[in-house]
Each structure stands twice: as structure tokens, then as C-alpha cells.
Trainee: 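Here you go, one structure.
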Protein chains: 2
Amino acid sequence: MKLSKKSDYALRAIIYLSMHYNKGAIQIREISANEKIPQKFLENILLVLRKAGILNSKIGLKGGYELARSPDLITLGEVIRALDGAIAPVDCVSKISYKPCSEEVTCVIRGVMLDIRNAITDVLDRMTFADMCSRVRDSMEKKESNVLTYAI
Amino acid sequence: MKLSKKSDYALRAIIYLSMHYNKGAIQIREISANEKIPQKFLENILLVLRKAGILNSKIGLKGGYELARSPDLITLGEVIRALDGAIAPVDCVSKISYKPCSEEVTCVIRGVMLDIRNAITDVLDRMTFADMCSRVRDSMEKKESNVLTYAI
DNA sequence: TAATTATCTACTAAATTTGTAGAGTTTATA
DNA sequence: TATAAACTCTACAAATTTAGTAGATAATTA
């Protein structure tokens with residue numbers, strides 16, 4: 001039931017981009033340095049997110065990435081699905097990669113897994129990056145710190 | 001966020017043992033055949049469950065495994081933890097394998113992951129194998145089938 | 001004693017995760 | 001229009017985890 005590094009990095013990168021929304025394109029190098037994510041790895045991740053329609057990119061000098069939509073229209077669930085695929089613990093209760101199992105009707109494990117999938121997506125599909133930004137600002141106030149890391 | 005084969009097999013095996021509770025020891029071979037689980041793999045799994053205090057075993061002729069407690073005192077969460085360790089998506093919100101992360105106080109991802117961990121354990125730590133047995137019986141009635149498979 | 005059944009350690013193979021390398025393409029701007 | 005800066009793309013590689021196997025050992029029953 002682990003969150004992959006890929007998704008972890010993706011969430012952090014998008015929080016970073018959300019905190020800098022509407023300030024123009026931001027380079028991979030900057031995100032990588034600030035969030036301490038291996039740059040080459042991050043390249044792959046951001047590419048996937050662009051192809052998923054979550055980010056826009058500009059090539060060339062002064063290029064970089066920015067959100068394709070405002071932070072309140074991007075959910076954590078969307079990002080995690082883009083990178084790791086289905087959130088459901090088993091495919092027979094997955095929306096995006098459904099595969100029937102042998103004894104579906106009588107399978108009682110399936111019922112529980114469906115409950116779990118719903119519990120997880122209730123959180124992830126409701127939570128937007130606008131929410132995440134509010135939380136970052138809240139906790140920064142409390143801490144009276146101005147170090148911007150969204151590290152896990 | 002996947003359920004491992006190990007946990008899947010373990011759940012099925014314990015449902016099988018729960019359905020046969022108080023009928024004496026049951027051999028690995030029987031469970032393996034009925035639930036279509038590779039026997040050698042199942043041996044390892046049941047051994048772990050015994051060491052975790054979930055099963056008792058008897059060696060020798062007419063030996064086998066049985067539940068160490070009644071099915072209503074064993075939860076799915078306990079079984080999954082015994083085999084796969086922590087249920088939490090990241091260690092910094094795990095009860096059984098907690099490790100602090102670098103920026104814990106300001107980490108906003110942590111907050112969400114904590115919500116998810118709680119949502120998952122709410123399901124898994126409440127659900128007992130007595131509940132699972134009721135569900136099996138319910139769905140068997142509905143299906144008017146007498147094939148006993150708890151397959152996923 | 002013989003057959004049966006769990007125990008235990010170690011190993012292997014496959015899949016997945018976590019990266020890295022390097023050549024190519026596009027663009028701003030001097 | 002040259003050049004440096006940035007993303008794009010494909011492929012590879014190392015590390016870790018998952019899934020499964022092998023085979024010898026120990027305990028028990030009849």
C-alpha cells in the first residue's frame with residue numbers, strides 16, 4: 001500500500017508549481033534543486049504529467065513547465081493515477097484498469113477491497129493542489145519559517 | 001497501493017479456515033487445492049501467520065493448521081500487517097514502522113497520507129473473519145451455488 | 001517402523017521501482 | 001543566424017521487491 005517515489009516526487013513538484021502559479025514557466029532544474037529530486041528522474045515524471053494534460057511546457061530558452069489548469073482543478077488522485085496507474089488495491093475494483101476476477105460474484109475479498117478503494121479515492125479525488133497550498137501556508141505561518149520544502 | 005499475492009492468499013486461506021472453524025486441523029494441501037494457491041508458497045505464508053499468533057499448528061499424521069482464536073477476534077488488518085508490514089502509504093504515518101521524514105512539521109503530503117492510512121485501517125481493522133464468513137454465506141445463498149471458493 | 005505433516009533455510013526467477021545516459025529538437029535572444 | 005538553454009525521447013541499468021521453488025529436518029500418529 002505504498003506511495004511510490006515517482007508519485008511522491010510528482011506531488012511535491014506540482015505543489016511547487018502551484019505555489020508559483022501564474023508566474024511563468026519554471027525550469028526542471030529549479031524544481032529539482034529546491035525539492036531535492038534527481039533531475040533526470042524528474043524530467044521523466046514531468047513529461048508524463050504533460051502528456052496527461054496536467055502540465056504545459058515551453059521548450060527553449062526561458063522555457064519550463066507550468067500548470068495546465070489552476071491548482072483548484074487538479075486533484076492528488078489525478079496525479080497519482082497518471083504516474084502509477086490504478087489506485088485500487090486489486091484490479092477487479094479498479095475503474096481505470098478493471099479486470100474481472102474468477103469468482104467475482106461470490107468473492108468477498110472484492111467487497112472489502114472496494115470499500116478500501118472508495119475510502120482512498122474519497123480523500124485523493126477531493127483534495128486539490130489549491131488545498132495543498134493553503135496547508136503549506138498554514139504550516140509555514142505556524143512554524144515562522146520561510147524555508148520552502150514540501151518534502152515528505 | 002496494491003494488495004500483494006501473499007496477503008491475498010493469506011486472506012483466502014484464513015477465510016477457508018474460518019469456514020471450517022472448530023472442525024479440527026486442516027492440512028496445507030487441502031487449502032492449497034481448494035483455493036488454488038501454490039502449496040510451497042502457502043507453507044511459507046501459514047508459517048508466518050503461526051509465528052504471528054494467528055494460527056496454531058499440529059505436526060505429524062492428522063496434523064495441520066487451525067485458527068488460534070475465533071474468527072471474530074481476527075481482523076483483516078492483523079493478517080495483512082503480519083505478511084506485508086505497514087499498511088500506511090508512507091512510513092512517517094505508520095504505527096508499526098514509523099520513521100520520521102525530513103520536514104515533518106510542515107510536510108503537507110504527510111497530512112493527506114495520514115488521512116488515507118486512517119481511511120484504510122478503518123476498514124481493515126474493523127473487518128473480522130466472522131464478518132467475511134457471513135458475507136460468504138450470504139453470497140452463496142444468493143448464487144445458489146455450493147462451490148466454495150473465496151477467490152479474488 | 002512407516003507414513004504423514006509441519007518446519008526451516010536457502011535459493012532462484014520474474015517483475016517492478018528507481019534511477020541514468022545521451023542524442024535530438026525547439027526557441028529566445030544577442 | 002549562431003548559440004546556449006531548455007524540454008523530448010528512447011533506451012538502458014542497477015537495486016529492490018515479489019513470487020515461487022527445493023530439499024533436508026523434525027515431530028507425530030497409528
Side-chain angles (χ1 to χ4, degrees), chain A residues 1-13 17 24-33 35-68 80 82-87 89-91 97 152, chain B residues 1-13 17 24-33 35-68 80 82-87 89-91 97 152:
Chain A
M1 309 271 177
K2 281 248 176 287
L3 183 73
S4 73
K5 276 289 176 192
K6 233 151 111 178
S7 285
D8 176 13
Y9 291 158
L11 295 180
R12 290 203 247 163
L17 291 173
I26 291 179
Q27 291 78 40
I28 294 177
R29 188 170 24 79
E30 179 182 338
I31 304 173
S32 152
E35 294 298 328
K36 293 172 188 79
I37 303 170
Q39 179 164 339
K40 273 299 201 176
F41 198 29
L42 185 56
E43 284 182 16
N44 297 331
I45 292 169
L46 297 185
L47 212 49
V48 171
L49 291 171
R50 199 213 48 167
K51 287 177 181 167
I54 296 169
L55 301 180
N56 286 332
S57 64
K58 275 190 222 165
I59 295 185
L61 199 59
K62 308 250 172 172
Y65 280 99
E66 57 194 354
L67 299 185
I80 293 176
L83 287 160
D84 288 345
I87 285 170
V90 292
D91 283 342
S97 62
I152 206 155
Chain B
M1 309 272 176
K2 279 250 176 286
L3 183 73
S4 73
K5 276 289 176 192
K6 234 151 108 176
S7 285
D8 176 11
Y9 291 158
L11 296 180
R12 290 204 247 162
L17 290 173
I26 292 180
Q27 291 80 40
I28 294 178
R29 185 168 27 77
E30 178 182 338
I31 303 173
S32 154
E35 294 299 327
K36 292 171 188 80
I37 303 170
Q39 178 163 341
K40 273 301 204 176
F41 197 29
L42 185 57
E43 284 180 17
N44 296 331
I45 293 169
L46 297 185
L47 212 49
V48 171
L49 292 171
R50 199 213 48 168
K51 286 177 182 166
I54 296 168
L55 300 180
N56 286 333
S57 64
K58 273 190 224 166
I59 297 185
L61 197 62
K62 308 250 171 167
Y65 280 99
E66 57 194 353
L67 300 184
I80 292 177
L83 287 160
D84 288 344
I87 285 170
V90 292
D91 283 344
S97 61
I152 209 154

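Chain naming here is simple, since letters A, B, ... match the order of the sequence lines and numbering starts at 1 in each.
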Trainee: Taking any heavy-atom pair under 4.0 Å as a contact, classify A:Lys51: base, sugar-phosphate, or nothing.
Mentor: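 The answer is sugar-phosphate, as A:Lys51 gets under 4.0 Å only of primed atoms, P, OP1 or OP2.
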Trainee: If I compare all heavy atoms of B:Ser32 with all of B:Pro38, which pair ends up nearest, and what's the gap?
Mentor: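 In this case the closest contact between B:Ser32 and B:Pro38 is OG-C, 4.4 Å.
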Trainee: Counting only side-chain N and O atoms of B:Tyr9, is one of them less than 4.0 Å from OP1 or OP2 of D:dA19?
Mentor: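 Negative; the distance criterion is not met.
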Trainee: Just verifying a value: how many Å separate B:Ser7 OG and B:Asp84 CG, rounded to the nearest 0.5 Å?
Mentor: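 Atom-to-atom, B:Ser7:OG and B:Asp84:CG are 3.5 Å apart.
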Trainee: Atom NZ of B:Lys5 to atom P of D:dG20: distance rounded to whole Å?
Mentor: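 After rounding, the gap between these two atoms is 7 Å.
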Trainee: Quick one: B:Ile45 CD1 to D:dT18 P, roughly how many Å, whole number?
Mentor: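 To the nearest whole Å, that distance equals 13 Å.
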Trainee: Do B:Lys2 and A:Asp91 have side chains that approach each other closer than 4.5 Å (heavy atoms only, starting at C-beta)?
Mentor: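 Yes - at least one pair of side-chain heavy atoms lies under 4.5 Å apart.
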Trainee: Donor-acceptor pair, distance only, cut-off 3.5 Å: does the side chain of B:Glu66 make one with the backbone of B:Ile26?
Mentor: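 Side chain of B:Glu66 to backbone of B:Ile26, a donor-acceptor pair under 3.5 Å: no, none is there.
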Trainee: Could you tell me the separation between the CD atom of B:Glu30 and the C1' atom of C:dA6, rounded to a whole number of Å?
Mentor: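 Rounded to the whole Å, the gap is 15 Å.
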Trainee: Might you point out which heavy atoms bring A:Arg12 and A:Glu35 nearest each other, and give the distance in Å?
Mentor: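 Looking at all heavy atoms of both residues, the shortest contact is NH1-O, 3.0 Å.
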Trainee: Closest approach of A:Pro89 and A:Met1, non-hydrogen atoms and distance?
Mentor: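 Looking at all heavy atoms of both residues, the shortest contact is CB-CE, 4.4 Å.
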Trainee: Do you know which two heavy atoms are closest between B:Ile28 and B:Leu42, and how far apart they sit?
Mentor: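 Closest approach of B:Ile28 to B:Leu42: O-CD2, 3.9 Å.
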Trainee: Mind calculating the distance between CE (A:Met1) and P (D:dT17) to the nearest angstrom?
Mentor: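 So the CE-P distance, A:Met1 to D:dT17, works out to 17 Å.
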Trainee: Which donor-acceptor pairs under 3.5 Å do the side chains of residues 46-60 of chain B make with protein atoms, sequence neighbours left out?
Mentor:
none

Trainee: Rounding to 10°, can you tell me the angle the first-five-pair axis of the helix from C:dT1-D:dA30 to C:dA30-D:dT1 makes with its last-five-pair axis?
Mentor: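 Here the helix ends are tilted 10° relative to one another.
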Trainee: With A:Glu43, which residues qualify under salt bridge (charged side-chain N to carboxylate O under 4.0 Å, His left out), at least two apart?
Mentor: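 Salt bridge (charged side-chain N to carboxylate O under 4.0 Å, His left out) list for A:Glu43, sorted by chain: A:Lys40.
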Trainee: What integer distance in Å separates A:Leu46:CG from D:dA6:P?
Mentor: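 Rounding to the nearest Å, CG of A:Leu46 and P of D:dA6 are 15 Å apart.
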Trainee: Can you check the A:Leu3 CG to C:dT18 C1' distance for me, whole Å?
Mentor: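 These atoms are roughly 14 Å apart.
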Trainee: Determine: side-chain N/O of B:Arg50 to OP1/OP2 of C:dT5, distance under 4.0 Å, yes or no.
Mentor: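 Answer no for this pair, as no side-chain N or O of B:Arg50 is under 4.0 Å from OP1 or OP2.
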Trainee: With sequence neighbours excluded, what pairs up with A:Tyr9 under the ring-ring contact (aromatic ring centres under 6.0 Å, His included) test?
Mentor: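 Scan of A:Tyr9 (ring-ring contact (aromatic ring centres under 6.0 Å, His included), adjacent residues dropped) gives A:Phe41.
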Trainee: Report all interatomic pairs (protein N or O, nucleotide N or O of nucleotides 21-24 of chain D) with separations under 3.5 Å.
Mentor:
from	atom 1	to	atom 2	distance (Å)
D:dT21	O4	B:Asn44	ND2	3.0
D:dG23	N7	B:Lys40	NZ	3.3
D:dG23	O6	B:Lys40	NZ	2.4

Trainee: It should be established whether B:Arg29 places a side-chain nitrogen or oxygen under 4.0 Å from OP1 or OP2 of nucleotide C:dT5.
Mentor: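 Indeed, a polar side-chain atom of B:Arg29 lies that close.
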Trainee: By the 4.0 Å heavy-atom rule, please label B:Ile28 as base, sugar-phosphate, or nothing.
Mentor: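 Since only primed, P, OP1 and OP2 atoms lie under 4.0 Å of B:Ile28, the category is sugar-phosphate.
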Trainee: Could you state the atom-to-atom distance from CD of A:Glu66 to C1' of D:dA6 in whole Å?
Mentor: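 So the CD-C1' distance, A:Glu66 to D:dA6, works out to 14 Å.
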Trainee: Distances under 3.5 Å between protein N/O atoms and the N/O atoms of nucleotides 28-30 of chain D, please, pair by pair.
Mentor:
from	atom 1	to	atom 2	distance (Å)
D:dT28	O2	B:Leu61	N	3.4

Trainee: Tell me: CG of B:Leu83 to P of D:dT18, nearest whole Å?
Mentor: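 From B:Leu83 CG to D:dT18 P: 11 Å.
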Trainee: Of the nucleotides C:dT18, C:dA6, D:dC7, which one has an atom closest to the side chain of B:Ser57?
Mentor: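 Selected nucleotide: C:dA6.
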Trainee: Of all the heavy-atom pairs spanning A:Leu17 and A:Tyr65, show the shortest one and how long it is.
Mentor: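 Closest heavy-atom pair between A:Leu17 and A:Tyr65: CD2-O, 3.8 Å.
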